[in-house]
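Counting starts at 1 for both ligands and their atoms, in listed order. When reading the values below, keep in mind they use all heavy atoms of this one structure, side chains included, and skip hydrogens, waters and symmetry mates.
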Amino acid sequence: MRRADAIMLPNGGIVPEDPLPSVACYPAGMEIRHSVCALDCPDACSLLVNVEDGRATRLRGDTAHPVTRGFLCGKVAQYLEREYSPQRLLYPQKRAGAKGEGRFARISWDEALGTIAQRLAAIAEKHGPESILPYSYAGTMGLLNGSGMDRRFFHRLGASRLDRTICSSTGGAALTASLGLRYGTEPEQFRHSKLIIAWGANIHGTNVHLWPFIVEARRNGAKLYVIDPVKTRTAALADRHLAINPGSDLALALGLTHVIIGEKLHDADYVARYTHGFDELAALARAYDPTRVAALTGIAAEDIVQLAREYANARPAVIRVNYGVQRSDHGGAAVRAIAALPALTGSWKEAGGGLQLTTSQAFQFNSKALEMPELQERSTLGREARLVNMSELGKALTELDAPPVKAMVVYNSNPAAIAPNQGRVLAGMRREDLFTVVLEQFQTDTADYADILLPSTTFLEHTDLYRSYGHYFLQLARPALDPPGEARSNVEVFRDLALRMGFDDQCFRDSEDIMIRSLLNSGHPFLKGITLERLDREHSIRLNISEPGAPFLPFREGGFGTPSGKCEFGAEALDYTPPVESRFGDESLKSRYPLELISSKNDDSMNSTFGYRPRVDADTSLLYLNHADATSRAIQTGDRVRVFNDRGSLLLRANVNGVVQPGVARAPSVRWNKRAEDASNVNVLTSERLTDMGGGPTFYSCLVEVERCGD
Ligand SMILES: Nc1nc2c(c(=O)[nH]1)N[C@H]1C(S)=C(S)[C@@H](COP(=O)(O)OP(=O)(O)OC[C@H]3O[C@@H](n4cnc5c(=O)[nH]c(N)nc54)[C@H](O)[C@@H]3O)O[C@H]1N2
Ligand SMILES: Nc1nc2c(c(=O)[nH]1)N[C@H]1C(S)=C(S)[C@@H](COP(=O)(O)OP(=O)(O)OC[C@H]3O[C@@H](n4cnc5c(=O)[nH]c(N)nc54)[C@H](O)[C@@H]3O)O[C@H]1N2
Ligand code: SF4
Ligand SMILES: [Mo]
């Protein structure tokens, strides 16, 4: 491997070190154990943990892993601080104060589980089991603790099903419609690219293990272009930053298509063989000439023409589109129009070409065997339960009827901080008639609303199986450390709860190993020969997506997963209109709230997971403004500002610099409400409005006004 010390890593990121000394060099009593980072991140790093006398003394990236390549991001390089934090929850507790106040009294596991079982049974009996709502997302990416025993439990109970839309469902639905399969270019192939487009993708901040491959490509002459309304660190390091108007990516992609087809730069052979709907797409794109697209996107017409030509001519060229693009009204259509580009140019044929939004669907598990949806028939409901969209939690807790939500069980998520339209979410969570159970590692904002609060293990303390949404290695982690206090894994808690509820199905006695074997047992060729035994030995195994050493070219010869087997351009759904909340949208709205607020990820955290760290408080209390917008409001860097719209109001500190264009503001997210002076965060401003596909949230389409507010 190339020595990576020449590769600049983000703040706090650890530069790869010398290879591990041989085992004989370690002090007696020290062991190196393997683990996997379970955070909601495409990189799914392979970890090595030094353990001395049962205590971890060091955590680092596995040098042998082809994507981890021996380094960790800054936030997880310090994970042992979290692991051993005095703020870890250690015992079951019950509420001793008002909801949200955060006062609790210690109880035993026996009392905790007994109370939960009794309350859930009574609520199911009185209001029907659908009045119980699970709420979870990807606090851990582990399959057993994220979508295993919990799913079985809620299915058997007949609880409402949760539509897990909060992050990626819009882009996922778009890829499914266009490609039929939610996977794409391998990260390792980016090193062969000549042009890399980071489209709504803050690679340096949120997907840093792709960065060394980009560095390698650039050393060989590749260019990196970034399309992002914000001048992120990725954009600052790029050859070119195209500062696009928020939510106008669909127009830009159609503009590129206009030039590519107009100048006959497309691959007519690939288009004819492997795509469907070209004529309709060409007809639509005719209306998107560079002058019009420039007005819609804020990108100069000549830059659009140049980008289209370079993209079509640079061989190979790859697009890393991330989830930033799809958190807006027409995010689904935008992803579809972007996903059309590599099919138009035939770039899927080349190693280092194509596109990556996610790689997750290549992990072709037998998820039915893990989640067991058929258990719903054995519930008192006796049928498939209703589906509640997690992005509309505020609505679900305050408006949903027949039946209303009477109990909520939260795990792997912090909805009091991360769900949109927070005012309504918290109004719902404050309801005295709502029974709330929270499984957590830390005393989050959500934990403060629990009636019963249960201490959870971290990924270093339980067994789990991990896929990735940014690479193609399947990984297993066994516990590297003992849980502190009385912490238990989600698997254990839902297994125990099932027994308490009297569910005598054999599946509630399954061990972790049995669950893993059932997941692997899908018969899909990508998983052939991958067994639990091999995973225990090797820890990380590349899926059988191509011959070892050969690049994975998923759509080289078509092979799309759509019903037609072709890439579906779907032009009928791609005509552009501005997002509802934008400077080009509704007149009455934009006159009162003229700034488009983007609350994208902050570099040093993971959504709200590290919200207890002072450094995260500092980052997530900033509002970046353009000089023009600041000057017209007499705001200077360091000023306290009030950011507001019809949904709520928030105090932040202004930072006036060059990262956003006029009319756009950025608030790095997401902080813990209770650590702020006004006990709230940016989600008091965001709305529950949904996107065009997949029922996703529109976090990044949010109009606000800002005013100076004392010091
Ligand atoms: N450090 C860190 N890493 C993380 C996370 C974190 O919180 N912190 N979160 C993890 C999670 S849950 C996810 S889903 C991934 C997300 O990873 P990314 O998708 O890379 O992250 P986002 O910040 O959501 O969005 C990426 C970029 O999209 C830009 N953007 C916003 N609106 C638009 C638009 O309309 N058009 C275009 N072209 N760009 C736009 C934003 O300015 C941002 O820079 O990251 C994961 N990794
Ligand atoms: N304004 C705004 N809002 C956003 C976003 C944004 O960019 N802007 N991003 C959105 C996106 S993309 C996402 S994915 C969501 C993420 O929202 P969430 O899924 O809520 O993610 P986190 O805030 O990281 O909280 C995860 C919680 O799970 C807990 N946890 C971790 N492992 C375990 C475990 O094994 N067991 C249990 N019981 N708990 C565990 C952690 O302690 C943590 O508190 O936020 C969304 N909200
Ligand atoms: S958060 Fe992402 S980059 Fe950081 S260690 Fe975990 S998987 Fe790797
Ligand atoms: Mo996410």
Undergrad: Under a heavy-atom criterion of less than 4.0 Å, does R327 contact ligand 1?
TA: yes
Undergrad: Within a distance under 4.0 Å of any heavy atom of H462, pick out the atoms of ligand 2 and give their elements.
TA: 35 (O)
Undergrad: Report the relative orientation of the aromatic rings in F363 and Y472; use parallel for angles under 30°, tilted for 30 to 60°, perpendicular for over 60°.
TA: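 Taking Y472 first and then F363, their aromatic rings lie parallel (interplane angle under 30°).
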Undergrad: Within the structure, does S669 bring an N/O atom to less than 3.5 angstrom of an N/O atom in ligand 2?
TA: no
Undergrad: How far is atom 38 (N) of ligand 1 from its nearest protein heavy atom, and which residue and atom is that?
TA: D249 OD2, 2.7 Å
Undergrad: Centre of F213's six-membered ring, under 6.0 Å away, within 45 degrees of the axis: is that where NZ or CZ of R69 sits?
TA: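 Ring-cation test returns yes.
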Undergrad: At a 4.0 Å cut-off, with the gap strictly under it, does some heavy atom of Y469 reach an atom of ligand 1?
TA: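 Y469 counts as a contact of ligand 1 under the 4.0 Å cut-off.
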Undergrad: When only distance counts, is S600 in polar contact with ligand 2, meaning an N/O pair under 3.5 Å?
TA: no
Undergrad: Are the aromatic ring centres of F71 and H209 under 6.0 angstrom apart?
TA: yes
Undergrad: Atoms of ligand 2 less than 4.0 Å from C167 heavy atoms?
TA: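 Near C167, the atoms of ligand 2 are 12 (S), 14 (S).
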Undergrad: Please write down residue, atom name and distance for the protein heavy atom closest to atom 44 (O) of ligand 1.
TA: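 Scanning the protein heavy atoms, the shortest distance from atom 44 (O) of ligand 1 goes to D228 OD2, 2.6 Å.
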Undergrad: Is a salt bridge present between R88 and E486, judged by a nitrogen-to-oxygen distance below 4.0 Å?
TA: no
Undergrad: Do NZ/NE/NH1/NH2 and the carboxylate oxygens of R671 and D617 come within less than 4.0 Å?
TA: no
Undergrad: Using the ring of each side chain (for Trp, its six-membered ring), is W672 parallel, tilted or perpendicular to F442, with breaks at 30° and 60°?
TA: perpendicular
Undergrad: With heavy atoms of P246 as the reference, note each atom of ligand 1 found under 4.0 Å away.
TA: 35 (O)
Undergrad: Examine Y700 against ligand 1 and note whether any of their N/O atoms are separated by less than 3.5 Å.
TA: yes
Undergrad: Of all the non-hydrogen atoms in the protein, which one sits nearest to atom 4 (Fe) of ligand 3, and at what distance?
TA: C73 SG, 2.3 Å
Undergrad: With nothing but distance in play, are any N or O atoms of D40 less than 3.5 Å from an N or O of ligand 2?
TA: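 No.
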Undergrad: Answer yes when D619 and R666 have at least one side-chain N-carboxylate O distance shorter than 4.0 Å, and no when they do not.
TA: no
Undergrad: For atom 8 (Fe) of ligand 3, what is the closest protein heavy atom, and at what distance to 0.1 Å?
TA: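 Protein heavy atom with the smallest distance to atom 8 (Fe) of ligand 3: C45 SG, 2.3 Å.
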Undergrad: Taking the six-membered ring for Trp, are Y79 and F459 ring centroids under 6.0 Å apart?
TA: yes
Undergrad: Are the ring centres of F154 and F494 closer than 6.0 Å?
TA: yes
Undergrad: Between H34 and H539, what is the ring plane arrangement, given parallel below 30°, perpendicular above 60°, and tilted in between?
TA: parallel
Undergrad: Establish, yes or no, whether the cationic atom of R488 lies under 6.0 Å from the six-membered ring centre of W109 and within 45° of the ring axis.
TA: yes
Undergrad: Run the numbers for me: atoms of ligand 2, each under 4.0 Å from some heavy atom of T457, listed by number.
TA: 34 (C), 35 (O)
Undergrad: Is S328 near ligand 1, meaning one of its heavy atoms is under 4.0 Å from it?
TA: no
Undergrad: Any N/O of N412 closer than 3.5 Å to an N/O of ligand 2?
TA: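 N/O-N/O distance below 3.5 Å exists for this pair.
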Undergrad: Does L439, backbone or side chain, put an N or O under 3.5 Å from an N or O of ligand 2?
TA: yes
Undergrad: Considering all heavy atoms of both residues, which atom of T691 and which atom of S328 are nearest to each other, and what is their separation?
TA: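 Nearest heavy atoms, T691 then S328: CG2-O, 3.3 Å.
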Undergrad: Considering heavy atoms of the protein only, find what lies nearest to atom 6 (Fe) of ligand 3 and give residue, atom and distance to 0.1 Å.
TA: C37 SG, 2.4 Å
Undergrad: Quick check on contacts: which atoms of ligand 2 are under 4.0 angstrom from a heavy atom of N683?
TA: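 Per the distance check, 1 (N), 2 (C), 3 (N).
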Undergrad: Given that the side chain starts at C-beta and the backbone is N, CA, C, O, which of these parts of A44 lies under 4.0 Å from ligand 3, counting heavy atoms, or is it both or neither?
TA: backbone
Undergrad: Please classify the I244 to ligand 1 contact at 4.0 Å (heavy-atom distances, strictly less than): side chain, backbone, both or neither.
TA: side chain
Undergrad: Considering only protein heavy atoms, which is closest to atom 45 (O) of ligand 2, and at what distance to one decimal place?
TA: I418 CB, 3.5 Å
Undergrad: In the protein, which heavy atom is nearest to atom 26 (C) of ligand 2, and how far is it?
TA: G139 CA, 3.6 Å
Undergrad: Would one find an N or O of T444, backbone or side chain, under 3.5 Å from an N or O of ligand 2?
TA: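 So ligand 2 has no N or O lying under 3.5 Å from an N or O of T444.
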Undergrad: Heavy-atom contacts with R82 under 4.0 Å: which atoms of ligand 2 show up? List them by number with element.
TA: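 The list of qualifying atoms is 41 (C), 42 (O).
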Undergrad: Going by the atom numbers of ligand 2, which of them fall below 4.0 Å from some non-hydrogen atom of S608?
TA: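 Contacts of ligand 2 toward S608, numbered from 1: 22 (P), 23 (O), 24 (O), 25 (O).
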Undergrad: Using a distance-only test with no angle check, is there a side-chain donor-acceptor pair under 3.5 angstrom linking D62 and S46?
TA: yes
Undergrad: Looking only at heavy atoms, what is the nearest atom pair of N245 and S248, with distance?
TA: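 Nearest pair, atom of N245 first, then S248: O-OG, 2.8 Å.
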Undergrad: Answer with yes or no whether the side chains of N414 and S608 bring together a donor and an acceptor at under 3.5 Å.
TA: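 Yes, N414 and S608 have a side-chain donor paired with an acceptor closer than 3.5 Å.
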Undergrad: Between V67 and P187, which heavy-atom pair has the shortest distance, and what is it?
TA: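 Residues V67 and P187, closest heavy atoms: CG2-CG, 4.2 Å.
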Undergrad: Less than 3.5 Å between some nitrogen or oxygen of V682 and one of ligand 2, yes or no?
TA: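 V682 vs ligand 2: no N/O contact under 3.5 Å.
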Undergrad: Would one find an N or O of V670, backbone or side chain, under 3.5 Å from an N or O of ligand 2?
TA: no
Undergrad: Would you check whether Y411 has a nitrogen or oxygen atom less than 3.5 angstrom from a nitrogen or oxygen atom of ligand 2?
TA: no
Undergrad: Can an N or O of Y137 be found at a distance shorter than 3.5 Å from an N or O of ligand 2?
TA: no
Undergrad: Distance under 6.0 Å and angle within 45° of the ring axis: does R320 meet both against F190?
TA: no
Undergrad: For S248, is at least one N or O under 3.5 Å away from an N or O on ligand 1?
TA: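 Looking only at distances, the answer is no, because the N/O contact criterion of under 3.5 Å is not met.
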Undergrad: Under 2.8 Å from atom 6 (Fe) of ligand 3, is there an N/O/S atom belonging to C41?
TA: no
